[in-house]
Amino acid sequence: MEKKLPRFKPLLSPGEVAKRSGVAVSALHFYESKGLIKSRRNSGNQRRYTRDVLRNVAIIKIAQRIGIPLSTIGEEFGVLPDGHKINKNDWKKMSSQWREELDRRINMLTALRDELDGCIGCGCLSGADCPLRNPGDKLGEEGTGARLLEDD
């Protein structure tokens, strides 16, 4: 007796994708509106997704967990040819770029944490000498009044 292999549906409904990927149907619609995923319409004008959308959604969720903006994810997906299924090499390229961004943020947060430790003791948050809000009194060089200081 031959054992039948389970038959995979070539197209999935939004509900099926949501259940398999752990994201809400509304999130799928949002991702689609941002051009991150694509659907087809069946004869009843209902959305249907190819199975590879599950991988794309997983990549989106991973990237979001590490703080990668959807616009950056979209740029990465946008360089791929239409209908391309993301593979190991694509993932390696994306993840290495995102790793650099993550390392940069880790370094920035570590430096902020270390400065914060030294600042908590005084409690003054001096506008002239605070290493968090006004390192080296850079704002004073620009004149009086409120200034926004952003690190490069």
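Positions are given from 1 along the sequence.
- The environment of CZ in Arg40 is sparse: at most 12 heavy-atom neighbours from other residues, nucleotides or ligands sit within 6.0 Å.
- Side-chain contact between Ile59 and Trp98 is present, with at least one heavy-atom pair separated by less than 4.5 Å.
- Counting heavy atoms of neighbouring residues, nucleotides and ligands inside a 6.0 Å radius, atom CZ of Arg55 does not exceed 12 of them.
- Inter-residue side-chain proximity for Asp90 and His84 is flagged as met; some heavy-atom pair is nearer than 4.5 Å.
- Here the side chains of Arg41 and Arg47 are in contact, with some heavy-atom distance below 4.5 Å.
- Residues Lys93 and Gln97 are in side-chain contact: their nearest non-hydrogen atoms beyond the backbone lie under 4.5 Å apart.
- Here Arg104 does not pair with Glu100 in a salt bridge; the nearest charged N to carboxylate O distance is not below 4.0 Å.
- Note that CG of Leu28 and OG of Ser33 are 11.0 Å apart. Values are rounded to the nearest 0.5 Å.
- Side-chain contact between Lys38 and Phe77 is absent, with no heavy atoms from C-beta onward closer than 4.5 Å.
- Leu54 and Val25 fall into different hydrophobic clusters, where Ile, Leu, Val, Met, Phe, Trp and Tyr are joined by side-chain heavy atoms under 4.5 Å apart, directly or via other members.
- With a 4.5 Å cut-off on side-chain heavy atoms, Thr110 and Arg113 count as touching.
- Heavy-atom minimum distance, Ala24 versus Ala18: C-CB, 4.2 Å.
- Taking CG of Asn107 as the start and CG of Leu102 as the end, the distance is 9.5 Å to the nearest 0.5 Å.
- Rounding to the nearest 0.5 Å gives a distance of 8.5 Å between NE2 of His29 and CD1 of Ile37.
- Considering all non-hydrogen atoms of both residues, Gly44 and Asn42 come closest at N-OD1, 2.9 Å.
- When hydrophobic clusters are built by joining Ile, Leu, Val, Met, Phe, Trp and Tyr residues whose side-chain heavy atoms come closer than 4.5 Å, directly or via intermediates, Trp91 is grouped together with Leu36.
- In terms of heavy-atom proximity, Ser13 sits nearest to Arg48 at CB-NH1, 3.4 Å.
- In terms of heavy atoms, Asn87 sits closest to Asn89 at OD1-N, 3.0 Å.
- Put simply, CD1 on Ile73 and CD on Gln64 are 5.5 Å apart, with the number rounded to the nearest 0.5 Å.
- For the pair Thr50/Lys85, no side-chain contact is recorded, criterion being any heavy-atom separation below 4.5 Å from C-beta on.
- Connection of Tyr31 to Leu11 is not established within any shared hydrophobic cluster, with ILVMFWY side chains joined at heavy-atom distances below 4.5 Å, either directly or through further cluster members.
- To the nearest 0.5 Å, atom CE of residue Met94 and atom CD1 of residue Ile86 are 4.0 Å apart.
- Atom CZ of Arg99 has 12 or fewer neighbouring heavy atoms from other residues, nucleotides or ligands inside a 6.0 Å radius.
- Looking at heavy atoms from C-beta onward, Ile60 lies in side-chain contact with Leu70 at the 4.5 angstrom threshold.
- With values rounded to the nearest 0.5 angstrom, Lys61 atom NZ is found 12.5 Å from Ile66 atom CD1.
- No donor-acceptor contact under 3.5 angstrom links the side chains of Tyr49 and Glu16, judged on distance only.
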